[in-house]
Number of protein chains: 2
Amino acid sequence: MSTSTRRGASAPDALEDQGTERFLAGELAQQIQFLTARARGRGSGHANHMLAPLGIKVRQYSVLSLAASGLKPSQREMGEFLALDPSQIVALVDSLEDLGAVQRETDPRDRRSKIIVATEAGMELFEKAREVLLESEDATLGTLSARERKQLRGLLLKIAF
Amino acid sequence: MSTSTRRGASAPDALEDQGTERFLAGELAQQIQFLTARARGRGSGHANHMLAPLGIKVRQYSVLSLAASGLKPSQREMGEFLALDPSQIVALVDSLEDLGAVQRETDPRDRRSKIIVATEAGMELFEKAREVLLESEDATLGTLSARERKQLRGLLLKIAF
DNA sequence: TTCGATCATTGACTTTCTCAACGGTATGGG
DNA sequence: CCCATACCGTTGAGAAAGTCAATGATCGAA
């Protein structure tokens, strides 16, 4: 009940602070590239803020999510799916390991690769974080109807890979 | 005509390399947050690559675009619209100024603020970059129909601000 | 066995982000 | 007019994120 930000009960079409909408008719606001970057900035910003009490960020959540999926992902697979450099995965897994949320297990089929699995504590952390993120997503998507959200998901899914 | 990457004439539903689609059914692929970040990563990556020959990146393009819009934006306004810290705007304007693409003009109404305008050369650079970016966007959106692109633009516009 | 490729890891480096401070300037109240 | 306060651009420092090359261990195939 605290969130004071945005969505004032009044001011129907007051987008953000004044001065911004002046450029909405411009060329940038038509470029999907730019809009995507803008949306992502707002989204991950809000998400990280909401996630802070849990001691992780969205980056780490994404790794934790894969670890908790039961799909036994290797670090390389994670990097590919998350579009992150292998070295970044190392750091992220390290930090989650420090939190006791995940564990590295050497793949018996290929001892070079390590499979990341969530611990008990990791599963609990994941569930909490998941709910927080669903709230955050809901807040970020504010004005969109359920139908529109589904549409957006579908469209993004097509271009994200 | 060199770009060998992606969009093979065949392979209708071959998303990226193999191993990735294994996680598509997972929980992350349902989160708009994640999809947005993924899409943005791909998009800006491709765009920066295409833009490299012109000596700028998407960050600088966005500033140049506003400067070339004729809307006489101040740096503060740019920062707000682009969701960038004022100090970053300074650096971006500096680099564009070094390229001779933009100029700082002190606002006569408020001598604290500086209005950024594109030079002749800046306008030419902007036009070239604009075309490159439209191509890049087209490539990134590959599989989307014109109708879907319009939808996506509309949806993103709603959540980007 | 040996050679080339792959995986995780490390390290160095660049870019981007975030924040605090400072000088110059505007604005409003006494 | 003078003053306090707030704002703009700028600088600087430090954290976070992204990029790239190299290495040891392991795999797969010749």
Side-chain angles (χ1 to χ4, degrees), chain A residues 17-19 37-38 40-49 51-52 55-63 66-67 72-98 102-116, chain B residues 17-19 37-38 40-49 51-52 55-63 66-67 72-98 102-116:
Chain A
D17 307 345
Q18 74 274 31
R38 243 286 195 164
R40 175 257 172 185
R42 266 174 62 85
S44 64
H46 187 272
N48 279 330
H49 188 67
L51 229 39
I56 61 175
K57 301 191 175 185
V58 287
R59 287 161 85 46
Q60 300 168 323
Y61 171 79
S62 62
V63 167
L66 290 177
K72 305 280 185 186
S74 72
Q75 297 187 193
R76 181 196 113 269
E77 289 173 314
M78 282 186 168
E80 201 175 327
F81 186 66
L82 301 177
L84 292 178
D85 190 87
S87 59
Q88 299 196 61
I89 303 293
V90 171
L92 289 171
V93 171
D94 280 350
S95 69
L96 286 173
E97 209 174 39
D98 290 349
V102 304
Q103 236 169 333
R104 278 180 238 244
E105 295 182 359
T106 306
D107 185 348
R109 291 179 186 77
D110 184 345
R111 315 230 321 278
R112 287 172 301 179
S113 89
K114 305 196 178 161
I115 289 172
I116 310 303
Chain B
D17 308 345
Q18 75 274 30
R38 242 293 196 157
R40 175 256 173 184
R42 267 175 62 86
S44 63
H46 187 273
N48 279 331
H49 188 67
L51 229 39
I56 60 175
K57 301 192 174 183
V58 286
R59 296 172 127 276
Q60 301 168 326
Y61 171 80
S62 63
V63 167
L66 290 177
K72 306 281 185 185
S74 72
Q75 296 187 195
R76 182 195 110 266
E77 288 173 315
M78 283 186 167
E80 200 174 329
F81 187 65
L82 301 178
L84 291 178
D85 190 87
S87 59
Q88 297 195 62
I89 304 292
V90 171
L92 291 171
V93 171
D94 280 351
S95 69
L96 287 173
E97 209 173 41
D98 290 349
V102 304
Q103 238 170 329
R104 280 181 237 243
E105 295 182 358
T106 306
D107 184 347
R109 290 179 186 77
D110 185 343
R111 314 229 321 277
R112 286 172 302 180
S113 89
K114 304 195 179 160
I115 288 170
I116 310 302

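Letters A, B, ... mirror the listed sequences (proteins, then strands); counts begin at 1.
Looking at residues two or more places apart in sequence or on another chain, you find a side-chain hydrogen bond (donor to acceptor under 3.5 Å, both in side chains) between A:D94 and A:R104. Listed by chain and residue number, B:D110 satisfy the side-chain hydrogen bond (donor to acceptor under 3.5 Å, both in side chains) test with B:R112 (two or more places apart in sequence, or in another chain). Taking A:S113 as the reference, nothing meets the side-chain hydrogen bond (donor to acceptor under 3.5 Å, both in side chains) condition, with sequence neighbours excluded.
Checked against C:dT9, D:dC27, C:dA26, the side chain of B:D110 finds its nearest nucleotide in C:dA26. Each of D:dA17, C:dT16, D:dG9 was ranked by its minimum atom distance to the side chain of B:R104; first place goes to D:dG9.
Of all heavy-atom pairs between A:Q60 and A:G55, the closest is OE1-O, 4.0 Å. When all heavy atoms of B:S62 and B:L82 are compared, the closest pair comes out as OG-CD1, 3.6 Å. Between B:T106 and B:R111 the shortest heavy-atom distance is CG2-O, 3.5 Å. Considering every non-hydrogen atom in both B:A37 and A:R40, the closest pair reads CA-CG, 3.7 Å. In this structure, B:V58 and B:L51 approach most closely via the heavy-atom pair N-CD2, 3.7 Å. Across all non-hydrogen atoms, the minimal contact from A:M78 to A:A67 is CE-N, 3.8 Å.
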Derivation and outcome, side-chain contact (heavy atoms from CB on, under 4.5 Å), residues A:L96 and A:I116: CA-CA 10 Å; A:L96 286 173; A:I116 310 303; over 6 Å; no

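Straight-line distance from the CD1 atom of B:I89 to the P atom of C:dT18: 13 Å, rounded to whole Å. Summarising the geometry, the separation between CZ on A:R59 and P on C:dT16 is reported as 15 Å, rounded to the nearest angstrom. Nucleotide C:dG23 holds its C1' atom 13 Å from the CZ atom of B:R111, rounded to whole Å. For B:I115 and C:dT25, the CD1 to C1' distance is 15 Å, given to the nearest whole Å. With rounding to whole Å, B:R76 atom CZ is found 13 Å from C:dA26 atom C1'. Nucleotide C:dT16 holds its P atom 12 Å from the CZ atom of A:R40, rounded to whole Å.
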N/O contacts under 3.5 Å, protein versus nucleotides 1-3 of chain C?
none

Can you tabulate the close N/O pairs, meaning under 3.5 Å, that link protein atoms to atoms of nucleotides 19-24 of chain D?
unit_1	atom_1	unit_2	atom_2	d
D:dC20	N4	A:S87	OG	3.2

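Residue order along DNA chain C, read from the 5' end via each residue's closest nucleotide, puts A:K114 first among A:K114 and B:N48. Along DNA chain D, the nucleotide closest to B:P86 and the one closest to A:D107 are compared, and the more 5′ of them pairs with B:P86. Between B:K57 and B:R109, it is B:K57 whose nearest contact on DNA chain C lies nearer the 5' terminus.
Remark: nothing in residues 90-97 of chain B comes within less than 4.0 Å of DNA chain C through any heavy atom.
Annotation: side chain of A:L84 is not in contact with side chain of A:V63 (no heavy-atom distance under 4.5 Å).
Rounding to the nearest 0.5 angstrom, the gap separating the CD atom in B:Q103 from the CD atom in B:E97 is 7.5 Å.
In this structure, B:L84 reaches the sugar-phosphate backbone alone: every heavy-atom distance under 4.0 Å involves primed, P, OP1 or OP2 atoms, never a base.
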